[in-house]
Each structure stands twice: as structure tokens, then as C-alpha cells.
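Some notes on the structure that comes next.
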Amino acid sequence: MNRQSRPQKIASYDPSKIEKKWQKKWASSKVYKSQERKVQGANGSKYYVLDMFPYPSGEGLHVGHPKGYIATDIVSRMHRMQGKNVLHPMGFDAFGLPAENYAIKMKMDPAVAMKKNVARFKKQLEIIGLDYDWSREVNTTDPAYYKWTQWAFLQMYKKGLAYESNEPVNWCPKDKTVLANEDVENGLCERCGTPVEKKPMRQWVLKITDYADRLLADLDATDGSSKPLLDWPESIKEAQRNWIGRSEGAEIDFKIKDSDKVIKVFTTRPDTLFGVTYLVLAPEHPWVKELLPRVSNKAEVEVYISKTQHETEIERTDAKRDKTGVELKGVKAVNPANGEEVPVWIADYVLADYGTGAVMAVPAHDERDWEFAKKFGLPIRHVVVPERKATTTDIAFHDGESVIKRNVIRAVVKHWSEDKYLVLNWNEHGWKTFISGGIEDGESFVEAAVREIREETGYKNISFIGEIGGPIRALFYAPHKDQNRIDIQQGLLFKLKDGEQIEVSEDEHKKHTAEWLPFSKASEIFNATLVDQVLLARIDNHQMGAYTDSGVLIHSGEFDDKASSIAMKDITAFAGGRWVTRYKLRDWVFSRQRYWGEPIPLVHCEKCGVVPVPEKELPVKLPKVNSYEPTGTGESPLAAISKWVNVKCPKCGGKGRRETNTMPQWAGSCWYYLRYEDPKNKKALVDPKKEKYWSPVDLYVGGAEHATRHLIYARFWHKFLKDIGVVSTIEPFTKLQSVGLIMGEDGRKMSKRFGNVVNPDDIVARFGADTLRVYEMFMGPFDQSIAWSTDSIVGARRFIERVWKLVYKAVSEYGSEGTRAGREGGRAQALDQQGQTAGSREAISDTASRTINKAIKKVTDDIDGLRFNTAISALMIAANELEKLEAVDRASFETYLKLLAPFAPHVAEELWAALGNKKSIHISPWPQYDPTLAVEEERRIIIQINGKVRGSFMAKNGATDAELGSAAKQAPEARKWLDGKDIKKMIVVPGRLVNFVIG
RNA sequence: GCCGGGAUGGCGGAAUUGGUAGACGCACACGACUCAAAAUCGUGCGGAGCAAUCCAUGGGAGUUCGAUUCUCCCUCCCGGCACCA
């Protein structure tokens, strides 16, 4: 090829020259504007791609932030080129603690600090070349925006979903505000890490629990077909399910003896009701105060209550901590199932705000109750036991024979010095079993066991270690007595002090001999009923405490012998209880005692009580104050501005006082995605027509850390807005994709604290925005956390430069030396002007178009599936293949640029223009995949011998199995293995492989 | 503890109705160009072995002609929930 004909006019790649130029041009020509005229278009043609809008902190962006924005940018660009009306907006979420704390630190007005930060963020986003429609920008701190946040709150208030409460709530002493449950992580304030205290405070609360069932159920809803309504990562759905924490169970009333009061308990295990041995109330339970006068140890109880009140959440909820509690002496509760009187305790392991604040304690079947009972010496009664049935025919239950029920002990005896167990070897049957026997009148379990051990083995110095969990029910046939037996077998663990023995009776000796079996040989123990195996497993796994699984009921009156799981509802009914559903989700504490948030639009009137601000007076603007510092008094700094606070009551005109609490950080983000659809509307939150056109969001991309806050809150608001007719869909976000973090080069989280922050501006300056974009998308699977590597980024840059050079092949090799392609935008010459033979031209363009065609499919599918790393890989492969060709026809190269355009919009646009195109590549039509081009004439067929790859050969497409088989047999690699061998079987996978199975 | 997701070369990662493991990129080595270096281009690059070949997708079993892919058990890592009755 004639290299001299390379056009001189295309300069070498210099991102700093082209990127700003195109960014300006795109903005001025409004390439990305989601035009209103299209709002009238067919509904199917819209595509709404949304990023979780940033919170403009003072630190600016690091390279991890734009990762999600680049992804949505790529997706939205492809959809735009595919002819859809794309909505890809951006805005800022700027109310709340972090911004306020930053402003206080910098001694600035939060509003001023926010403006500065927003400007900086926007600039940082701009240089990356993102295709946002900035005409739709929203900002949650803009009064024109928060007017509608306040409006939505008022609608909730009117529907009874916002209520005032004085319950104890999470209080952060450092940030001096109450926190929602969601803002507390392991008992610490999510923002500052300070241990959270429980404090009764006046606060506004949103009744999100009213929506708990819908929030949960719609996670698994389908869209009418079998497709899930929410195409969300399973991990996020699961996090929400956990957070909502639905559980079904029974509410059961325990009467207090000599009182008309009733203690309601909530339990998920009403089947264990007959095993209740005491009740426990939360120290805050309202009855505690009322019962106090009749409690004989009043002082002790009061000390305990005040102690628990002074604990932080982290102390209170530490499960590893020893159980504490105190009995309300003199108070008895009556078990409605059996009329038994049981003591009543208070203990801080029972939470006041879950269930009913009281539990029925069944130590035999609940680990916490077990621990508590052991510590305070309370009785333990087993009522649910696992069942084992003999299965071998000789000892399986015989139909028709009589059935005997017995209480039996099984003694597991450890050797005094070795890791061995004492078993009986039954002469007649050859069984090895643990020692067992019935209980005689007046004997305890341990006494019975000690007697049996002595009688059967002669060992006499025995010490008791403990019960091996609860009893086990065993069903089997005893051949020597001709009877079916139902044994309730209690396992007991012993250890011998020494080997001293007494004489064993002749009788016993005939039956069996004692033997020591090492633990490793435990499988030799006769296991027809499996009871001994269960005992060993319990010892091995240290499961000697509560039995928490289901099983068969005992000591349960008329419910004996029934399956516990089936008896649950019957026992509930029998005890006069109710079947109920409970959630872990708590109502959303919605007020903050801080300045920087939306004012809550309510007025407190001496006469009328709480009065909502009339809608026409919205927004209630946040006034300027002299001091932003939180007061810590339970009032926000707004309380100090008497001009603002003191208003006329909207209802009676009398003296009123504005609510001074503000909304939490998460308020504005609950509905911002709706405002983008109609950002300037002064009359409504969103115009119903526009809402109907754009909603729901088709793709939502953001951090997984929002799983149990923003994403639950937003779903809650959305469902409420649906209920009042503001929105048309039951869920806001159809598809959700979480972004994997970009870690620092040291593998730690990117943070100023670790000094490992990489600034995107620096990367753009050094390598260009296109390189940054390609690199971030190429790093690995999009949702995975991967460490940044400035070393590896050169790969992305090299790739772009190789594409840049490919343009020479496209414009010159077929063109004359007069080609003016280049920065002047001269149009490339048509293919056939140069002296090439038609045949080779065709061959080359055929190869090129096949290469491109493959890439079209892969790139399109991968962008749709958000597999950007493999899409880029496909682009690299295509570039490598094009490079090998002597020339590339223009059409193929232009198609290639289109595929590249979403990833590297500046380079693609520059080269596109260099080829003479006048309109932006970003509004050119997306290429179509041609399946006929994918059909190849020949394919490589793999030869396998016994499943191992031994060679390959080329075969015509469409060759029959027989043809492939004989061709494979002829191949030298196959001959080597097949000669002199018997071919037992031949497997042909058409178009793939031939496998010979030989002896 | 319960639930969800993972584990593949020196590194990031490819590979799905079970069919050539390691695509693509980084790093590295050698070669070309250069006075030299950088850049660029070319070649190689899982391990062992001169080779034939063998071993290899966290570990162990199983199903199969054939397993990174399916089943069971185990280990470790990440994430969510957690004294929620």
C-alpha cells in the first residue's frame, strides 16, 4: 500500500484540543435536549435514564463518582441514536447535615457554600463530556423545588401519615439532632460515629409502616406477565426485605393475676406456648409503672429501670453481653393455654418498640430465653422435640402392634483420659449403642442414668456434665417385646473419673459387653433411630442448649403428638390469641433540630393545635439566621428568629408559632426524579401528562449504600403519591443498577483521610476525558468494586490512539493524495477512485464489514446489559482486526465510530467530522446488526479424545455429523490417538466438536 | 447466627442451553526503529517438561463422552440484617 498517500491534515491525537471544542458545540446546538415537542410522541419511544444525583460536598468529586454517570451517559447516547426520546437529567441534593456541618466548619452560610460546591461539581462533570440536559436541572434547596417537598408533606399530614410523637428516639449528642432508625448504624450515628442515645423528644414522624406490606410485596410483584416488575439486583431487594423484616405470629393475652390488666405478647412460636415459664417486659413497658405499687422489690426494679435508661443504644443492643433483668416480685401472669401462673420479669433484651414490648419466655426453645433462664435459675420445659423413626424393616414400626410410650435416658459417657465414648456391643445383634434405660419411680434422669451405667458396665465413679439438649422422640419396634415404642429419650453427658469397676451381673454380661469407641469411629454406632447420632452431633456442634427447630409437641395437653408447625394456629386460637403480622421497619422520624433543611410547613396554634400552612402560602422559605449552630435544646436555630416563628394561625388568626424543626436530608430525594419530568411547573409537583409520558424511570444507576434509605423512602413517597393520584405507576424505578466503588490504588476506600484520592480533573488533563471514560468502563464488571490503577489507564489511551490512526486507512488507502479529510473537514474520496482491483477491494470490505457486524451485536447487547467492559473489549478486538487490513471502507469505519461514540464521544465526533459528516454523530442512527453477515463459510471443529482436546480442523458450515466424524478421524492428531484403538462412541456437536470415546 | 453475592495467570478480568479455560487490557521479556531513551511496531507470556505430554478455574466428592458452568459437602472473602421474640 502506498503509505505516502496518508493525509497530512489529520493532526495527531490531542484531547485537550478537541474535547472542549465539542463540548461547547454540543451545548450550543442542544444535541441532548429532551424536547417538549416529543412529549406528544408514542409512549414506547421514551427512555428515562437517571443517576442518583450528587450531594455536593466541599471535597469535590473523585474518580469514583463519575463512574455511574459515564455508564448512564453511554446508555442514554445509544438509546438516543436508536431513535428514542431520551431523558437524562442531572441535579443536586444539597440539604442536610453534611452540607451544614461543612458550612459551619468553613464559617459560611450553608446556602453560599452549597452554591460554590454545586458550581464546582458541575464544572467537573462538564469536562467529562456527559450528555445531561441541563435545562432540567433541579436543586432540592431551591424554594421553587422544596415548595413541592413541603406540599407532599402536607398531603401526608392531611392523610394522617405524618404525626407528632414524644416517644424515645435516637439522639445524636454531637450533631444535636434526632435521627431516623435508618441513620443509625450499629448504635452509632451514621454521620459522625457518635454513640446514639435514646431520648424522648417531640418529633414529626411519617407512617411508613402503613406501607410496609406494599413495600415488601412489590419487590416480588410481576408486571402482568411473569416478568418481575422490578428489575433490581437481588442483593438490594434482599437488603430491603431484611430491613422491612416482616414476621408472622400470634398475639396472645396473659392476664395478670389479681388485676384486670392483660399483658399482650407477640410470638412467632405460639406452638411453644405450653413451654412458657415466665414473661419478660421491656423496662419501658407502660404496665411496669402501673404495677410498681404492688411489686415487693420496688427499689430494685427502679434501680434497674434507671440503669437501662442511661445506656446507649450500642450497649443496650449488644447481643454478646450477659443478660440482665429483674423479677417483678409479687406479680404473676396466667398462661391462657394451661392456666399456669408464671413470674413476670423486666429485662433490657426485650425491646419496647418491637412487637408488643413484652415476650413470653420459652427457654427450652429460644436461645435468649435459655440464656436468661440459666442465669437466673428459671425453669426450663421442653414442649417441642425432634422425631426420629426407625427405617430398617426389622425395627421399623409394625402396623397393628400395640404402642408403648416411655421416658428413657440415653447416657453418653466419656473416657476419663482419652477421646473415647462408652458403648454397649449387643452380642445378639452386633449393635453398638449408648447406654439407655427407663426411669424408675422417684428417680431423676441423672440417677437413672448412673444406675444404668453401673449395672451395665460396672463403672462406678461417674460425674454428670449436662443434658445434651432437649429430649428426642424415637419411634421403633422392639422385637424382643413385640411392641412398638414411642420413646422420649433424654440424652445426658457424663465423664468417668477413673476406670474403677464393680462386678457386672451374669445376665447383663450375656446381653452385651462394654466397649470404648473413639469419636472418629462414631459412625459404627447403630443408627436405626439416629438418636445416638443426633446426640453426638449436638455434642460436636455445641448445641446443648435451646432446641429452636420445629418438631412434635409434648407436655402440651390436647396438642401432644401433633406437629408443632401445624399446631401453631390452633394453639393461638385455643389460647384466645390473634394471628398478626409484624415488621421491623419503624416509622420514619422526619424532623431534625437543625437549620439546613426544608421547614416543616405547620403552625402550632394555642387554640387550634397543629394547623397546616395553606398550600397557596407555600413554600415556607428557610429564613436567614445569624447562627447556624445547632442548639441541642430540641429546637432548631430557627426558633431564635421571632419574626419568622411568630405568625398568625392560618385557621383562627390568633397567635401561632411555626414548627421550627426541619426535614431530614433524605426528604428532597424522595421525589426529585419526578421533577425532572416537569422542572419549571409552578402549579403542580408534576404535570400529569408529562408524568404519564416519562414515568417510570427506565434505568436508575447509583450506589448500593442507598438500599435501605433513599430507595425505601423514595418507594414509600412514590406509593403515597400514587394513592393521591399524582403519579401513574406503583413503582418509581423499573430497572436499578448499582455501581461498584472505585477503590484507591492501595485497595482502600478512596478518601482524603487515606491520601489516596484521584481527581478526575487531573486524569482528564493528562489523558483526556475519552480515556477516563473508556478506562472506567473497561476496569471490570460495572457493579464490582475495583481498585484504581493509573498504570493501567494507558491501555485505554493507546486504544483511542489506535482508533485515531485507523482513520488514515479509511480515508487514504482508497483515496487520492488529494484527500482533504482532516481537521478542515474535507470529504473523503469514494472507494473506487484509486487503482485497486475490484476483487481485493471487495474482499477487504467484506472482511471489514463482517468484523464490524460482529461488533454491532456485541456492543449493542452489552450496552443493553450494562456490560461495558466486554463492549469495550469487543471494540478493541474490532480495532485490532481492522488494523490488520490494508484498508477499511468508509462505511465500515463510520459504523465503527458510531459504536465507539457512546464511550468516547469526543474522538468519535472528531473523526466523524473529519470524514466530512456535518451533523453530530450522536444523533446519527445506531447501526443495525445483519445476521446474514454472521454466517461463516468455514468453522474450526475441535477434536476430542475422551473429552480432552487433541486437535482441530476446518470444516464447511453445514457439514453433516457423518462428514465431520470421518473428517475428524482422518486428522493426524486424531489418528495418533485412535490407531489400534476401539472407538466406543462418537459425539458430534455440530459446528463445534467431535469427541471420540475410546477404551 | 440468618440471608444475599463471590473465589479463574504476576494484576484487572473473559468464557451460559455443559463443548478449544485464560478473550481484551495492564505488567513483564525479547526483537525492530533510535547515537540513546521515550513513544511506536512485532513476537512471546498459567505452571512443570528438551519434547511427547501432564497438571491447573478456592478445597473435596458426584453427574457426564466432556464441568469455570450442574448437584452435594467444606474453607475463605465481600455485603445486608441481627437480643426483632
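Counting non-hydrogen atoms under 4.0 angstrom, A:S952 reaches nothing in the nucleic acid. Looking at heavy-atom distances under 4.0 Å, A:R802 makes contact with sugar-phosphate atoms alone, never a base. Across all strands, A:R798 comes closer than 4.0 Å only to sugar-phosphate atoms, never to a base (heavy-atom distances). At the heavy-atom level, A:V949 lies under 4.0 Å from the strands shown only through sugar-phosphate atoms. At the heavy-atom level, A:V350 lies under 4.0 Å from base atoms of the strands shown. Residue-level contact check: A:D353 touches neither bases nor backbone, having no heavy atom under 4.0 Å from any strand. Residue contacts for A:S873: at a heavy-atom cut-off of 4.0 Å it reaches a base atom on one of the strands shown. A:P781 comes within 4.0 angstrom of sugar-phosphate atoms only, judged by non-hydrogen atoms across all strands, and of no base.
By the ring-ring contact (aromatic ring centres under 6.0 Å, His included) test, A:F953 pairs with no residue at all, sequence neighbours left out. For the ring-ring contact (aromatic ring centres under 6.0 Å, His included) test, no residue two or more places apart in sequence or in another chain qualifies with A:Y583. Here A:F778 pairs with nothing under the ring-ring contact (aromatic ring centres under 6.0 Å, His included) rule; sequence neighbours left out. Judged as a side chain to side chain donor-acceptor pair (under 3.5 Å), and not counting sequence neighbours, the contacts of A:T860 are A:W926.
Side chains of A:I742 and A:M750 form a contact here, defined as non-hydrogen atoms less than 4.5 Å apart.
Listed nucleotides B:rG19, B:rG4, B:rG80 differ in distance to A:V989; the shortest reach to its side chain belongs to B:rG19. Taking every side-chain heavy atom of A:L993 into account, B:rG19 is the closest of B:rC81, B:rU53, B:rG19.
Between A:D348 and the options A:K307, A:R321, A:K323, a salt bridge (Lys or Arg N to Asp or Glu O under 4.0 Å) holds for only A:R321.
The aromatic ring centres of A:F376 and A:Y278 sit 6.0 Å or more apart.
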Worksheet item: Reading RNA chain B 5' to 3', what string of ( ), [ ], | and . shows its pairs, if Watson-Crick and G-U wobble pairs count only when both distances fall under 3.5 Å?
Response: (((((((..(((......[....))).(((((.......))))).(((....)))..(((((..]....))))))))))))....

Discussion item. Each nucleotide in nucleotides 60-78 of chain B should get exactly one letter: B, S or -. Can you fill that in based on protein heavy atoms under 4.0 Å?
Written reply: -----BS------------

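In terms of polar N and O atoms assigned as donor or acceptor, the side chain of A:K323 comes within less than 3.5 Å of the base of B:rC83 in a complementary pairing.
The shortest distance between the side-chain N/O atoms of A:Q784 and the OP1/OP2 oxygens of B:rG13 is below 4.0 Å. Taking only side-chain nitrogens and oxygens, A:N869 never comes nearer than 4.0 Å to OP1 or OP2 of B:rG12.
Between the CE atom of A:M777 and the P atom of B:rG25 there is a distance of 18 Å, given to the nearest Å.
When the C1' atom is used for both B:rU68 and B:rA56, the distance is 11 Å, rounded to whole Å. For the P atoms, the distance from B:rC28 to B:rG22 is 24 Å, rounded to whole Å.
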